[in-house]
There are 2 protein chains.
Amino acid sequence: MPRKTSAATGTRPASTGKPATINDIARLAGVSKKTVSRIINNSPLVRKDTREKVEALMREVGYTPDPLARGLAFRRSFLIGMVYDNPTAQYIVDMQYGALDALRDSGYELVVHPCDTRSPGYIDGVRRFVQQQKLHGVMLVPRASEDQNLADMLAELGVRYTRILPMGVDDQDARLVVTHDRDGAAEAADYLLTLGHRDIALITGPSAYRSAVERTAGFVEALASRGGSVPKARIIEAGYTFESGVAAAEKLLAGKKRPTAIFCGNDEMAAGVYKVAMRTGLSIPRDLSVIGFDDSPLASRLWPSLTSVRRHTRDTGRIAATMLIRAGNAPMPVASVRPHLVVRDSCQPPA
Amino acid sequence: MPRKTSAATGTRPASTGKPATINDIARLAGVSKKTVSRIINNSPLVRKDTREKVEALMREVGYTPDPLARGLAFRRSFLIGMVYDNPTAQYIVDMQYGALDALRDSGYELVVHPCDTRSPGYIDGVRRFVQQQKLHGVMLVPRASEDQNLADMLAELGVRYTRILPMGVDDQDARLVVTHDRDGAAEAADYLLTLGHRDIALITGPSAYRSAVERTAGFVEALASRGGSVPKARIIEAGYTFESGVAAAEKLLAGKKRPTAIFCGNDEMAAGVYKVAMRTGLSIPRDLSVIGFDDSPLASRLWPSLTSVRRHTRDTGRIAATMLIRAGNAPMPVASVRPHLVVRDSCQPPA
DNA sequence: CTGAAAGCGCTTACAG
DNA sequence: CTGAAAGCGCTTACAG
């Protein structure tokens with residue numbers, strides 16, 4: 001049987017199906033495996049021509065180092081964990097896509113780890129995950145990212161992690177991605193004021209969620225800074241769910257003294273407002289203006305399409321993952337992402 | 001400084017923070033590391049009392065074998081890859097949750113790998129992913145699962161994989177999970193016939209998707225088996241997207257000879273029908289009955305809530321992952337999941 | 001700038 | 001049923 005030989009050198013054994021190892025490269029290049037290792041790890045202690053020769057060979061052979069072997073020797077895998085406790089599918093998927101954008105061709109892979117922050121043993125579950133897999137880094141996504149105990153556990157383990165948070169927080173061990181939810185809510189407030197609304201109601205997420213607190217504060221403060229205000233009775237705390245949005249809207253729209261606009265902490269609850277308005281015979285936006293938060297696909301599926309605050313989730317995920325795999329412990333301790341309002345058809349000046 | 005000693009033996013060194021290794025266990029148990037290895041791998045070649053003694057010790061110490069080291073020795077990691085090319089967030093997330101249900105406490109982890117089946121190099125991308133990570137197994141999710149070339153590549157690599165498919169297919173190398181989309185569509189047809197509809201239209205997904213073909217066939221055949229039929233002009237091929245649903249609905253609802261009911265290949269397109277109906281002043285379900293497919297969250301967010309076919313995606317993911325990690329190449333080559341109709345408020349008898 | 005030795009924590013192949 | 005030796009494909013620590 002004729003052996004296929006490398007067109008370039010003639011010395012490389014026929015492609016046997018078995019991937020090349022560091023030993024193959026070292027032998028073929030006539031250097032020690034340690035030199036190959038230095039090249040793999042971008043050590044400066046390699047002569048330029050040696051490096052170029054070996055790199056060319058690695059490309060020709062299609063060599064990539066075995067992450068399992070590297071991981072064993074490094075005592076650390078090439079896996080990035082994404083830890084989250086969030087029911088919104090689009091948000092999670094966008095975050096994953098973003099992370100994968102950053103990880104593509106980096107040699108790192110993304111391992112997903114949803115958890116339930118309300119269950120007592122969840123921190124231990126994350127610890128086992130991180131420790132056993134010897135993760136290279138962990139992305140903490142809201143609301144899991146808000147749990148200081150989780151972050152403390154990770155810091156104690158000495159594993160690097162990023163926290164994606166609606167606002168700044170004091171954490172020396174973390175790399176932070178701040179999403180500035182306040183700004184998005186403020187923009188919504190400005191928009192409604194500009195349209196002429198004065199009687200505005202809020203349906204907020206649970207006050208145990210920082211995102212809910214931030215969005216509410218951002219909205220109320222922006223209103224106040226322009227002379228507006230929201231009476232307490234016009235603020236209803238709901239649960240970020242469709243059903244809770246329905247319940248809140250029923251309260252707000254029951255009497256004859258209805259608000260002319262409602263700002264919702266997310267799109268799900270805004271959809272709940274739509275449902276109640278439809279049932280009640282109220283026309284959006286003629287009788288009632290509505291704004292959501294998330295700019296989920298739902299926003300454009302509703303009729304009329306929903307004005308909402310876009311969060312740039314994919315960018316957020318990309319930045320968070322990049323901070324984890326970037327070489328060195330260099331700067332970039334805090335990154336920022338800012339939301340912005342996407343205007344659609346759910347608002348108009350009050351009657 | 002007082003050393004903490006094991007209450008049980010007094011011989012175990014204080015927990016130093018460093019996880020125990022197979023050598024620690026062997027030494028402490030007074031057996032060879034090979035015996036510990038046999039126990040880890042459930043070999044029958046271990047005396048019962050030896051096994052129990054060692055297992056108790058492992059539990060006490062909190063020992064879990066290092067997947068990196070095992071992977072290196074096995075030449076195979078403990079990672080399951082999920083390969084998909086699907087834009088629907090909820091579907092992907094449900095599939096992931098299902099897979100994670102199966103993987104929980106199994107020692108395996110889930111690595112996600114979205115891809116673009118229309119890009120030319122995507123199969124090579126999956127190959128590199130599978131080969132470099134030495135994946136233990138791969139889950140192929142629609143529509144990537146429909147690509148025979150992808151499956152062939154995996155078979156050639158000798159890696160085990162599951163294909164989740166709308167219908168049966170001939171693939172000796174795969175473990176199959178058949179979702180029987182036909183049955184769900186047939187149930188929708190029966191329901192509309194029972195309500196009294198005779199002039200029914202279809203908005204289908206792209207005919208290049210097996211799911212679209214199956215759903216259409218299932219619907220049309222069920223109609224035919226009860227004496228009904230759908231004229232060609234009443235079947236519009238769309239793209240599974242909201243926008244394409246809008247365009248299709250505009251055609252169907254333009255003239256005065258409107259159908260009394262529309263069956264859509266997914267919920268996204270059904271939302272498009274809603275939009276056009278709203279805009280046109282048609283009332284659902286009074287003037288028009290609508291059925292979707294997916295039973296996505298969108299279905300209950302729309303008003304009136306959408307009758308739709310539920311797919312049991314999480315179960316599907318759980319079964320597919322289970323087939324991958326189940327020991328041995330035992331039976332269970334094909335599993336089945338069946339959809340069913342969830343009746344809500346979007347249908348009623350025709351006027 | 002380069003390399004030979006030892007080791008990461010497991011398993012395979014072989015011997016008993 | 002049990003174990004000593006060699007090896008998986010890399011890196012660290014040390015020497016030159």
Side-chain angles (χ1 to χ4, degrees), chain A residues 16-55 57-58 61-79 107-108 131-136 327, chain B residues 16-55 57-58 61-79 107-108 131-136 327:
Chain A
T16 61
K18 293 214 173 190
T21 71
I22 196 173
N23 288 309
D24 298 328
I25 301 296
R27 183 168 36 79
L28 261 26
V31 300
S32 77
K33 64 202 280 192
K34 180 57 207 165
T35 296
V36 180
S37 172
R38 286 204 179 86
I39 290 166
I40 292 170
N41 292 292
N42 290 313
S43 159
L45 303 176
V46 181
R47 263 204 353 246
K48 199 180 161 212
D49 55 335
T50 310
R51 146 161 284 131
E52 282 168 358
K53 182 179 68 176
V54 176
E55 279 177 342
L57 182 64
M58 295 197 303
V61 178
Y63 168 74
T64 37
D66 182 341
L68 256 15
R70 292 231 287 164
L72 180 58
F74 270 138
R75 292 162 191 76
R76 174 181 294 165
S77 75
F78 289 83
L79 266 18
Y108 293 90
Q131 212 158 207
Q132 172 155 353
Q133 300 299 323
K134 294 199 167 68
L135 294 187
H136 177 271
Chain B
T16 60
K18 293 214 172 191
T21 72
I22 195 173
N23 288 309
D24 298 328
I25 301 296
R27 182 168 36 78
L28 259 27
V31 299
S32 76
K33 65 203 279 194
K34 180 56 205 165
T35 297
V36 180
S37 172
R38 286 203 179 88
I39 289 167
I40 291 170
N41 293 292
N42 289 315
S43 158
L45 302 177
V46 181
R47 261 203 355 244
K48 199 179 163 212
D49 56 333
T50 309
R51 147 160 285 135
E52 281 167 359
K53 182 180 67 176
V54 176
E55 278 177 343
L57 182 65
M58 297 196 303
V61 179
Y63 167 73
T64 38
D66 183 340
L68 255 15
R70 291 231 286 165
L72 179 59
F74 270 138
R75 293 161 190 76
R76 173 181 295 165
S77 75
F78 288 83
L79 266 18
Y108 293 91
Q131 212 157 207
Q132 172 157 353
Q133 300 300 322
K134 294 199 167 65
L135 294 187
H136 177 270

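Just so we're on the same page: letters track the sequence lines, and every chain starts at 1.
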> Is it true that a side-chain atom of B/Ser77 and a backbone atom of B/Gly71 form a donor plus acceptor pair closer than 3.5 Å?
Replying inline: no
>> From CG of B/Leu68 over to C1' of C/dT11, roughly how many Å is that when rounded to an integer?
In response: 15 Å
>> Without decimals, in angstroms, what is the distance between B/Leu72 CG and C/dG7 P?
In response: 17 Å
> How close or far is atom P of C/dG9 from atom CD of A/Gln131, stated in whole angstroms?
Replying inline: 13 Å
> What's the spacing between A/Leu28 CG and A/Tyr63 OH if we round to 0.5 Å?
Replying inline: 12.5 Å
>> As an exercise, state the distance from CD1 of A/Ile22 to CE of A/Met58, rounded to the nearest 0.5 Å.
In response: 9.0 Å
> Could you give the CG-to-P distance, from B/Asp66 to D/dC10, as a whole number of Å?
Replying inline: 17 Å
> Quick one: which of C/dG3, D/dC10, D/dC8 gets closest to the side chain of B/Ala73?
Replying inline: D/dC8
> In whole angstrom, what separates B/Arg70's CZ from C/dC8's P?
Replying inline: 19 Å
> Out of D/dC10, C/dG3, C/dC10, which nucleotide sits closest to the side chain of A/Lys34?
Replying inline: C/dG3
>> Is the phosphate of C/dC8 approached by A/Arg75 (side-chain N or O, under 4.0 Å from OP1 or OP2)?
In response: no
>> Output the rounded distance in Å from NZ (A/Lys33) to P (D/dA13).
In response: 17 Å
> Where does the angle between the aromatic ring planes of B/His136 and B/Phe78 fall among parallel (under 30°), tilted (30 to 60°) and perpendicular (over 60°)?
Replying inline: parallel
> Please give, in whole Å, the distance from D/dG9 C1' to B/Gln133 CD?
Replying inline: 15 Å
>> Output the rounded distance in Å from NE2 (A/His136) to P (D/dT11).
In response: 14 Å
>> So, applying side-chain contact (heavy atoms from CB on, under 4.5 Å) with B/Asp66, which one of A/Arg75, A/Gln132, A/Lys134, A/Gln133 is it?
In response: A/Lys134
> Of all the nucleotides listed (C/dT11, C/dG3, D/dT12), which has the minimum atom distance to the side chain of A/Phe74?
Replying inline: D/dT12
> Could you go step by step and tell me if A/Thr21 and A/Lys33 meet the side-chain contact (heavy atoms from CB on, under 4.5 Å) rule?
Replying inline: CA-CA 10 Å; A/Thr21 71; A/Lys33 64 202 280 192; over 6 Å; no
>> To the closest 0.5 Å, what do you measure between OG1 (A/Thr35) and NZ (A/Lys53)?
In response: 9.5 Å
> So which nucleotide from D/dG9, D/dA13, D/dG3 ends up closest to the side chain of B/Ser32?
Replying inline: D/dG3
> Where along residues 38-51 of chain B does a heavy atom fall under 4.0 Å from DNA chain C?
Replying inline: B/Asn41
>> Taking only side-chain N and O atoms of A/Ser37, does any of them lie within less than 4.0 angstrom of OP1 or OP2 on D/dT11?
In response: yes
> Does D/dC1 have a Watson-Crick or wobble partner in any strand here, with both distances under 3.5 angstrom, and which is it?
Replying inline: C/dG16
> DNA chain D: B/Val31 or B/Lys134, which has the more 5' nearest nucleotide?
Replying inline: B/Val31
